[in-house]
Protein chains: 2
Amino acid sequence: MSENKNTLTSAVHDLLRRAIIEQALKPGMRLPEDTVGEQFGVSRTIVRHALVRLENEGLVITRRNRGAFVAEPSREEAKQIFEVRKCLENEVIRMLCLRMPENGYDRLQAHVRQEETVRGKDGPVSIRLAGEFHVLLAELTGNHVLVRYVSEVVLRCSLIMSMYARSHSSDCAVDEHSQIIDAIRAGDAPRAMSIMDHHLGAVAGRAELSAQEDSIQSILSHYGKELAQ
Amino acid sequence: MSENKNTLTSAVHDLLRRAIIEQALKPGMRLPEDTVGEQFGVSRTIVRHALVRLENEGLVITRRNRGAFVAEPSREEAKQIFEVRKCLENEVIRMLCLRMPENGYDRLQAHVRQEETVRGKDGPVSIRLAGEFHVLLAELTGNHVLVRYVSEVVLRCSLIMSMYARSHSSDCAVDEHSQIIDAIRAGDAPRAMSIMDHHLGAVAGRAELSAQEDSIQSILSHYGKELAQ
DNA sequence: TCAACGTCAACTGGATACAATTTACTTGCG
DNA sequence: CGCAAGTAAATTGTATCCAGTTGACGTTGA
């Protein structure tokens with residue numbers, strides 16, 4: 001996933017992103033510029049740029065003169081992200097059913113095999129691989145814009161899962177990945193989309209299950225209107 | 001369109017974006033950090049941050065140690081952007097047919113009326129309004145993620161048009177906007193999508209080449225005044 | 001005891017200074 | 001006269017520095 005240009009900013013960017021996705025940095029956690037910079041041995045300038053990018057990706061939020069925090073997507077936000085993700089991934093499927101590149105199936109199956117080697121483990125690696133399957137699908141369309149957006153929503157979904165889900169339970173995910181490949185190979189777009197919907201629905205569903213506190217902001221914003229001055 | 005946080009960076013960001021969209025800054029034009037900063041009366045730091053954001057939006061590209069340039073989307077890239085845009089806008093229509101918010105139609109028609117007041121003029125205003133119609137549609141879905149992506153592709157499409165189209169010919173666009181509203185009101189999603197497809201297809205269809213030059217200073221001096229505190 | 005006010009520390013917003021890299025021009029040699 | 005190498009100018013990459021803002025803590029008065 002995007003080993004960008006060989007600049008320090010990009011390096012810090014990737015590192016922080018991984019740390020967030022792998023849940024080392026928990027949602028809501030503060031990210032003071034000089035603390036982070038100290039850790040990585042770079043100046044605040046670099047961290048600053050990296051944080052700006054992360055904010056654009058929706059993985060962190062920054063409040064003026066307060067600093068950056070790991071994003072805490074509300075349930076509403078989560079729902080919206082999943083909605084968009086479903087739309088985008090359906091488009092991916094539609095396109096791949098029309099035209100799958102040369103070694104597309106080989107690459108997909110190689111990826112699934114890789115996922116199977118970490119089957120059962122809920123560690124950072126399986127989280128990452130599960131996401132990368134969807135990104136790989138998008139890459140096979142050859143549409144770079146689509147790749148970027150899919151990457152982004154997949155990342156944000158990972159963050160959401162880390163907040164709301166008790167486990168990624170990647171077992172069933174791998175099976176469904178295989179089924180999606182089969183459906184695409186059969187040129188059966190509706191079936192592939194249906195599986196994908198179920199796949200994402202299951203993911204989103206697990207998020208609903210674990211009843212948990214929503215972010216303070218989203219809770220209070222609901223009541224806040226009443227004492228608006 | 002996103003009057004972000006009240007920070008200088010955001011101000012410069014918005015200004016540059018407008019300048020690009022309104023074709024004051026032509027594709028391929030260089031954007032030296034200190035030249036721009038000088039014009040706006042801010043330091044390179046600010047400009048730099050703004051350029052990073054613009055790069056994320058796909059409106060500029062930066063080459064290491066070379067600087068930033070207004071993006072020059074290739075025809076292939078243009079095709080891909082339109083593909084994604086079509087997908088996203090279809091989703092918008094699908095959602096709006098299911099549920100249109102309270103004063104949705106009022107807002108849409110107000111916007112169309114506004115577009116009609118500049119009918120026939122191919123100036124910056126009509127370009128901006130044409131784009132904002134689509135953003136407004138997205139906003140009515142209430143899905144902020146969708147809004148962001150639609151905004152982005154609409155902006156990039158404006159840039160593409162400024163490269164390849166000889167004129168936006170907004171006349172027919174306004175009519176089609178009305179037709180889309182009508183179709184949505186009738187709950188006829190397929191028809192609305194069909195019109196939208198035609199609408200975007202027509203936009204994408206006008207593909208001719210053109211090139212010209214102008215000095216950075218004279219262009220930016222026009223936008224710079226607005227930063228006056 | 002509690003609330004309001006004032007001071008203080010921490011951190012970000014922004015500017016400037018310095019280092020590294022690339023480009024372009026010039027000069028010298030074949 | 002042309003090409004190549006070296007050098008200088010321009011511009012970005014990075015670090016450090018100063019100022020403004022915000023939140024927290026402690027103090028004081030009712």
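Labels below follow one simple rule: chain letters A, B, ... track the order of the sequence lines, proteins then strands, and each chain is numbered from 1.
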State whether the side chain of Gln80(A) and the backbone N or O of His144(B) hold a donor-acceptor pair below 3.5 Å, judged by distance alone.
yes

Cut-off 3.5 Å, side chains only: do Gln23(A) and Ser162(A) have a donor facing an acceptor?
no

For nucleotides 10-13 of chain D, tabulate all protein N/O to nucleotide N/O atom pairs closer than 3.5 Å, reporting atom names and distance.
unit_1, atom_1, unit_2, atom_2, d
dT12(D), OP1, Glu33(B), N, 3.3
dT12(D), OP2, Glu33(B), N, 3.4
dG13(D), OP2, Arg48(B), NH1, 2.8
dG13(D), OP2, Arg48(B), NH2, 2.7
dG13(D), N7, Arg44(B), NH2, 3.2
dG13(D), O6, Arg44(B), NH1, 3.3

Atom CZ of Phe40(B) and atom P of dA15(C): how far apart are they, to the nearest Å?
14 Å

Report yes if at least one side-chain N or O of Ser43(A) is closer than 4.0 Å to OP1 or OP2 of dA15(D); otherwise report no.
yes

Donor + acceptor pair across side chains of Glu57(A), His13(A) (<3.5 Å)
yes

Is the His177(A) to His111(A) ring centre distance short of 6.0 Å?
no

Quick one: Phe69(B) CZ to dT23(C) C1', roughly how many Å, whole number?
11 Å

I'd like to know if Glu152(B) and Arg148(A) make a salt bridge, using a cut-off of under 4.0 Å between side-chain N and carboxylate O.
yes

